[in-house]
Amino acid sequence: MATNHQALWFPPLEECPERTALIDGETEVSYREVCTYSERLRGGLLNGEASLDGERVAFLYPASIEYVGLFIAVIAAGGLAVPLSVHAAPAELHHCLDTAGCRRLILADELRSDALDVVCADLSINLLSANELPHIAPAPPTLADDQRALMVFTSGTTGKPKGVVHTLASLRAQITSLIGAWGWSADDRIPLFLPLHHVHGIVNVLCCALWSGAAVSLFRRFDAQTIGHQVADGQFNVFMAVPTIYVKLIAYLDTLPAEDRGAITQGFRSMRLNVSGSAACPVSVFERWQELTHQPLLERYGMTELGMALSNPYRGERRPGHVGQPLPGVVIKRVDEAGNDITDSDVPGELAVKSSTSFYEYWERPDATEEAFDDGWFLTGDIAVIDDGYYRILGRASIDIIKSGGYKLSALEIEAALLEHPSISEVAVIGVPDNEWGEVVAAAVVANRDFDADAVSQWCVDKLSIYKVPRLWQITDALPRNAMGKVTKPDLRSWF
Ligand code: MCA
Ligand code: AMP
């Protein structure tokens, strides 16, 4: 199916062009303005060509009209949008830009740096800001459902992040599924403070809201005080965050005098929906949040490769510690290590998923793409049981995947970076349970006398995002290994 319509991205354009789409500080931007702006960017990107023909266009913007305009424009121009992390280290940006084979990186002036200039010079990438794109009216877009539309980088068990490619169809399936399941409407108002290089922020918040004609308030980062203030003002009726953010909000509320706390909790209480996801929400957090705000958090489970797969009901019992049932269009089974189906709901099994929201491929990694599926079932690596029809995630099959602050991290990627440090000869990284972050990164190292944890952490900053840098260190003479010489990582847990 093909459509010649940019309204694909903005169904509300015809219905409510004057409604507010984005709120950025004092500035309010209507749907008409977003569309006019993205059309201008589309013309500039195309520069007289009919289509970008799948060009991977990387962009580096915080939550802003520029980000939204580029996201829409790249896809509508027939390109593949590659939104990158504004907090990424230069080496990580090098990896993403190189993997995606980008020829241009469009970025905010304030994010330009010498280090980025070096990265882009090395990869012969043209750096420019959205404002520098030429003003040229574009031809009408021709969008195909099977067009590759979005590339998001995600960590796996095999080292550096892979580019997960979604088509227009899988992106649209994600958006429409959630709009139906969670009752989105044009009356909704949501704050967006999540990073915009992951599905949670991009799809669940930004795309669902814009597709519904709702208003999105943009924040450069999460700050409990700023958000709390606006919540108390009654600015929002929907709230979506990772568990760490609910933990931070609870801690912040605990510091406030009763009156201020009451105003914020009342703001949350009057919302229609509070969602938690990207990592397990501890039952204690669910309960404390409900005590404070009377909101039963709607916990859902998703993955970059799948969008959202399981969700507690919007109407009906939301069960703490559980991620609900498959969303419409999602088929789930559980398998054992040999790939056999598990039918007994009490027996733990790996979630295997088939869904119209599923990704198309890992970019230029046919081997990894093939390995990710078994007979058409995507193997998630997450282990679950089913309690009375509600799925409960027990953990992950691999100890090498860490979830910290909602970010999925690869222990192997962190180990590889640390091994480049001259004082470290051996290293093993694991995630250690933590009340605030879910898990924190911990590293056991065999190191020489020069090793200084603070200095190594500082040195990491060029190589790793801040959330990947180990918080806990153990220096040892030898790592525990099995007869094959492989580090027995579970043994490390008791070290921290
Ligand atoms: C930051 N810090 C950390 C970590 N991150 N310490 C331990 N572990 C961490 N992971 C430290 C910093 O070094 C700093 O320390 C202090 O915390 C504040 O740092 P800052 O970067 O300002 O942190 P923050 O703004 O408070 O960030 C917390 C956050 C952020 C808002 C929860 O981590 C976040 O946005 N997470 C969401 C990630 C996300 O959207 N994931 C979705 C992917 P110091 O003060 O000492 O300098 S999953 C997905 O998309 C799937 C589809 C799904 O299911 O949703
Ligand atoms: P990502 O690849 O960054 O999208 O992270 C996906 C992973 O996050 C999943 O494979 C799970 O391990 C984890 N995850 C997401 N939501 C939940 C949840 N509600 N409970 C437990 N784990 C979750």
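All ligand and atom numbering here is 1-based and tracks the order in the structure. Atoms considered below: every heavy atom in the structure, side chains included; atoms not considered: hydrogens, waters and symmetry mates.
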Can a donor-acceptor pair be found between the side chains of Ser311 and Trp182 at a distance below 3.5 Å? yes
Within the 4.0 Å heavy-atom shell around Met303, which atoms of ligand 2 are there? 4 (O), 6 (C), 9 (C), 10 (O)
Among side-chain atoms of Thr488 and Asp491, is any donor-acceptor pair under 3.5 angstrom? yes
Please state which protein non-hydrogen atom is closest to atom 19 (N) of ligand 2 and give its distance, to 0.1 Å? Arg300 O, 2.7 Å
For atom 48 (S) of ligand 1, which of the options His198, Arg300, Lys403, His197 provides the nearest non-hydrogen atom? Lys403
When you measure from atom 46 (O) of ligand 1 to the protein, is at least one non-hydrogen atom found at a distance under 4.0 Å? no
Salt bridge or not between Glu439 and Arg396? Use side-chain N to carboxylate O under 4.0 Å. yes
Any side-chain heavy-atom pair from Tyr61 and Ser64 closer than 4.5 angstrom? yes
Under the side chain to side chain contact (heavy atoms under 4.5 Å, CB included) rule, what do Phe153 and Lys162 come out as? Steps first, then yes or no, please. CA-CA 5 Å; Phe153 281 85; Lys162 298 188 283 282; 5.8 Å; no
Pair Phe268, Tyr246 - check ring-ring contact (aromatic ring centres under 6.0 Å, His included), show working. CA-CA 12 Å; Phe268 279 108; Tyr246 288 105; 7.5 Å; no
Which ligand 1 atoms are under 4.0 Å away from a heavy-atom of Lys248? 26 (O), 28 (C)
Using a 4.0 Å cutoff against the non-hydrogen atoms of Met308, which atoms of ligand 1 qualify? 52 (C), 53 (C), 54 (O)
Protein contact of atom 12 (O) of ligand 2 - nearest heavy atom, named by residue and atom, plus distance: Asp382 OD1, 2.7 Å
Val86 side chain reached by Leu111 side chain, heavy atoms, under 4.5 Å: yes
For atom 38 (C) of ligand 1, closest protein heavy-atom neighbour: Gly405 O, 3.5 Å
Heavy atoms only: which of Gly302, Ser276, Pro195 is nearest to atom 35 (O) of ligand 1? Pro195
Mind checking whether His198 has an N or O less than 3.5 Å away from an N or O of ligand 2? no
Suppose I only count heavy atoms of Thr304 and a 4.0 Å limit; which atoms of ligand 1 are within that range? 52 (C)
With side chains defined as the heavy atoms from C-beta onward, is the minimum distance between Met303 and Tyr301 less than 4.5 Å? yes
Per-atom filter on ligand 1: closer than 4.0 angstrom to a heavy atom of Ile466 are 13 (O)
Please lay out, stage by stage, how Leu84 and Leu105 fare under the test side chain to side chain contact (heavy atoms under 4.5 Å, CB included). CA-CA 10 Å; Leu84 297 176; Leu105 168 62; 4.2 Å; yes
For ligand 2, is there an N or O atom under 3.5 Å from any N or O atom of Glu305? no
Could you check whether the rings of Tyr67 and Phe71 sit parallel, tilted or perpendicular, using 30° and 60° as the cut-offs? parallel
Could you tell me whether the side chain of Val347 reaches within less than 4.5 Å of the side chain of Asp336, counting heavy atoms only? no
Has ligand 2 got any nitrogen or oxygen that is less than 3.5 angstrom from a nitrogen or oxygen of Glu299? yes
For atom 50 (O) of ligand 1, which protein heavy atom lies nearest, and how many Å away is it? His200 N, 3.0 Å
Nearest non-hydrogen protein atom, atom 17 (C) of ligand 2: Ala279 N, 3.6 Å
Step by step, work out the salt bridge (Lys or Arg N to Asp or Glu O under 4.0 Å) result for Asp254 and Arg261. CA-CA 8 Å; Asp254 283 344; Arg261 183 168 62 237; 5.1 Å; no
Tell me, which protein residue and heavy-atom name are nearest atom 30 (C) of ligand 1, and how many Å apart are they? Tyr407 CE1, 4.1 Å
Hey, mind stepping through Tyr407 and His198 against ring-ring contact (aromatic ring centres under 6.0 Å, His included) and telling me if it holds? CA-CA 9 Å; Tyr407 286 110; His198 280 303; 5.7 Å; yes
Please list, in number order, the atoms of ligand 1 under 4.0 Å from a heavy atom of Met303. 52 (C)
Closest non-hydrogen protein atom to atom 55 (O) of ligand 1, residue and atom name please, with distance? Ser278 OG, 2.5 Å
Below 3.5 Å, N or O to N or O, backbone or side chain included: is there any such pair between Val242 and ligand 1? no
Donor on one side chain, acceptor on other, Arg272 and Tyr314, under 3.5 Å: yes
Close-contact set for ligand 1 against Val199 heavy atoms, below 4.0 Å: 50 (O), 52 (C)
Per atom 23 (O) of ligand 1, closest listed option by heavy atom (Phe193, Tyr467, Trp437): Trp437
Nearest non-hydrogen protein atom to atom 22 (N) of ligand 2, with distance, is Ala280 N, 3.8 Å
Distance-only polar pair, side chains of His87 and Ser465, donor-acceptor under 3.5 Å: no
Protein heavy atom at shortest distance from atom 2 (O) of ligand 2: Lys408 CD, 3.0 Å
Checking a contact table here: which protein heavy atom is nearest atom 1 (P) of ligand 2, and how many Å away? Thr304 OG1, 3.3 Å
Ligand 1 versus Ile245, non-hydrogen atoms closer than 4.0 Å: side chain, backbone, both, neither? side chain
For atom 7 (C) of ligand 2, what is the nearest protein heavy atom, given as residue, atom name and distance? Lys403 CE, 3.6 Å
What's the shortest distance from atom 10 (N) of ligand 1 to any protein heavy atom, and which residue and atom give it? Ser404 OG, 2.8 Å
Would you say Thr154 touches ligand 2, if touching means a heavy atom closer than 4.0 Å? yes
Identity and separation of the nearest protein heavy atom to atom 16 (N) of ligand 2: Ser278 N, 3.3 Å
Under 4.0 Å to a heavy atom of Gly302 - the qualifying atoms of ligand 2, by number: 6 (C), 7 (C), 9 (C), 15 (C), 16 (N)
Among all protein heavy atoms, pick the one closest to atom 43 (C) of ligand 1 and tell me residue, atom and distance. Gly406 O, 3.4 Å
Partner of Tyr391 under side chain to side chain contact (heavy atoms under 4.5 Å, CB included), chosen from Val385, Ile332, Asn312, Asp382: Ile332
For a 4.5 angstrom cut-off between non-hydrogen side-chain atoms, does Lys248 reach Phe222? yes
Could you check which of Lys468, Arg471, Gln174, Arg221 puts a non-hydrogen atom nearest to atom 6 (N) of ligand 1? Arg471
Check: Ile23 and Gln235 side chains under 4.5 Å, non-hydrogen atoms: no
